[in-house]
Amino acid sequence: MTATPGELLSHRPALRPGTLLSPALLHGPATVHLIKEPEGGASFEVGAKEYFLISRLDGTRSLAEIGEEYADTFGRRLAAAHWQRLLQLLGTRSLLAGAPPRPAPAAPPGSPFSGTPLRGTLRLVADADATTARLHRLLRPALRTAVLLPLTGILVAMEVLLATDLPELARDTWWLCRQPVALIAVFTLLWLSTALHELAHGVSARHYGGTVSEIGLRWRLPMAVMYCTVDNYRYLHTRWHQLAVAGAGAYANLLFLLPFLAWWAALPEGDPTRRVLSGLLLLGSLQALVNLLPLPPLDGYTMLGHTLRVSGLAPESGRYLRLCLSDRPAAAAYPRRARVVYLSYGVGSALLVLFLVAALATGLYFLLVH
């Protein structure tokens with residue numbers, strides 16, 4: 001039997017435990033929130049008004065009470081039909097407490113390998129979340145602020161020291177490029193650094209409440225790199241935690257260089273081993289610092305998106321600039337914040353790319369000439 005409006009508004013529905021709600025995100029001209037189903041389910045976007053209602057479904061407030069809050073905030077009362085459509089949406093996605101869970105997605109194939117010999121992936125561990133949980137328990141004492149703050153100061157000092165010796169590092173790196181055996185050794189160490197980079201993302205995610213769904217090896221021959229797929233960190237409500245997860249990889253890259261810095265500093269200038277270490281320190285620092293640039297798909301781009309609370313920063317900036325250049329009325333519908341963010345990033349990222357290309361060309365010119 002269909003419930004009367006009074007009976008419907010007296011209900012106190014609650015979301016299923018484990019349902020994740022993201023902070024407000026700018027997406028195009030709209031402000032949206034992401035909602036993710038429990039047990040690793042799919043996610044979808046809702047508007048600010050829908051989020052206002054859904055986030056208050058905690059089982060303690062009736063629909064009538066939530067409706068009063070909504071009317072006070074938005075100046076409009078919701079009819080019973082609106083509530084029915086909202087509850088139907090949540091019910092079909094099994095997001096209400098007491099609703100039967102949706103069928104679990106099909107299990108992945110038994111083989112950890114997918115793709116072809118030229119391009120594919122290989123899962124390295126059966127339970128990536130349990131693996132990173134064990135690593136997190138081991139490393140938790142080192143993740144305290146009392147440890148990370150002085151370590152950060154040491155890393156900054158390391159980069160300042162290397163910057164003052166940049167001419168020597170550049171000369172030694174150029175020499176290293178003509179030593180095949182030593183160059184292979186350096187690139188092997190840098191590859192190991194990328195593996196630590198990915199694991200650092202996973203451990204940091206575990207530390208702040210995220211999860212890890214997969215750890216594996218991805219290749220597009222002749223390149224092969226490790227990867228660590230982090231889930232749920234977009235739903236962390238503290239911006240600092242999101243930034244820490246995104247920046248953990250570059251931080252691990254710099255930490256990896258510290259013992260080699262001590263070895264390098266103990267050797268006299270011109271020593272062949274010092275020259276090899278110079279190349280490792282320069283290339284390793286570039287590996288970490290370039291990854292912090294705000295360009296997709298680098299971690300710096302992810303960090304900027306978290307800082308600005310923007311979803312799809314690069315594609316949405318491109319879309320807005322195309323609307324502006326074509327003088328379409330849709331560009332005027334963007335709110336002021338969206339216009340500032342998308343215009344600034346579109347122009348700024350283009351200038352950054354031009355600067356990087358010019359710096360690379362200039363550096364190569366001086367290396368070849370001198």
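These figures come from a predicted structure and were not determined experimentally.
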Measure from the side-chain N and O atoms of T92 to the backbone N and O of L89, and report whether any donor-acceptor pair falls under 3.5 Å.
yes

Any Y208 side-chain heavy atom under 4.5 Å of Q242 side chain
no

Report yes if some heavy atom in the side chain of L124 is under 4.5 Å from a heavy atom in the side chain of P112; otherwise report no.
no

Pairs under 3.5 angstrom only: tabulate donor-acceptor contacts from the side chains of residues 182-190 to other protein residues two or more places apart or in another chain.
{"residue": "T188", "atom": "OG1", "partner": "I184", "partner atom": "O", "Å": "2.8"}

Check whether any side-chain heavy atom of M226 sits under 4.5 Å from a side-chain heavy atom of W191, and report yes or no.
yes

Could you please spell out the steps behind the side-chain contact (heavy atoms from CB on, under 4.5 Å) verdict for L53 and H82?
CA-CA 11 Å; L53 300 172; H82 291 95; over 6 Å; no

With sequence neighbours left out, write down each residue that passes ring pair (Phe, Tyr, Trp, His ring centres under 6.0 Å) with F256, or none if nothing qualifies.
F260

Under the 3.5 angstrom rule, does the side chain of S344 hit a backbone N or O of V341 as a donor-acceptor pair?
no

Quick check: do M158 and L254 have side-chain heavy atoms less than 4.5 Å from each other?
yes

Does any non-hydrogen side-chain atom of P141 lie less than 4.5 Å from one of V147?
no

With under 30° as parallel and over 60° as perpendicular, where do the rings of Y334 and Y320 fit, or are they tilted in between?
tilted

Who passes salt bridge (charged side-chain N to carboxylate O under 4.0 Å, His left out) against E65, sequence neighbours left out?
R12

Between L90 and L57, is any pair of side-chain heavy atoms under 4.5 Å apart?
yes

Give a yes or no on whether the backbone of L34 and the side-chain of Y235 come within a donor-acceptor separation of less than 3.5 Å.
no

Geometric class of the H306/Y233 ring pair [parallel <30°, tilted 30-60°, perpendicular >60°]:
perpendicular

Would you please test L86 and W83 for side-chain contact (heavy atoms from CB on, under 4.5 Å) and show each step?
CA-CA 5 Å; L86 178 63; W83 284 114; 4.0 Å; yes

Partner residues of N291 under the side chain to side chain contact (heavy atoms under 4.5 Å, CB included) criterion, sequence neighbours left out:
H197, L298, D299

Counting only heavy atoms from other residues, nucleotides and ligands, does the tally under 6.0 Å from CZ of R234 exceed 12?
no

A side-chain contact here means heavy atoms from C-beta on lying under 4.5 Å apart; do E198 and V225 qualify?
no

For E50, what residues pass the salt bridge (charged side-chain N to carboxylate O under 4.0 Å, His left out) criterion, not counting sequence neighbours?
none

Quick check against the 3.5 Å criterion: does W219 have a side-chain atom that pairs as donor or acceptor with the backbone of P117?
yes

Applied to residues 149-168, the side chain to side chain donor-acceptor pair (under 3.5 Å) test, sequence neighbours excluded, yields T152-Y251, E159-S285, E168-R274

Partner of H33 by side chain to side chain contact (heavy atoms under 4.5 Å, CB included), out of S22, P23, S311, S55:
S22

Any side-chain donor paired with an acceptor under 3.5 Å for T211 and D129?
no

Trace of the side-chain contact (heavy atoms from CB on, under 4.5 Å) decision for L282 with L162
CA-CA 8 Å; L282 179 58; L162 294 178; over 6 Å; no

Other residues, nucleotides and ligands only: do more than 12 of their heavy atoms fall within 6.0 Å of CZ on R178?
yes

Any side-chain heavy-atom pair from R309 and R337 closer than 4.5 angstrom?
yes

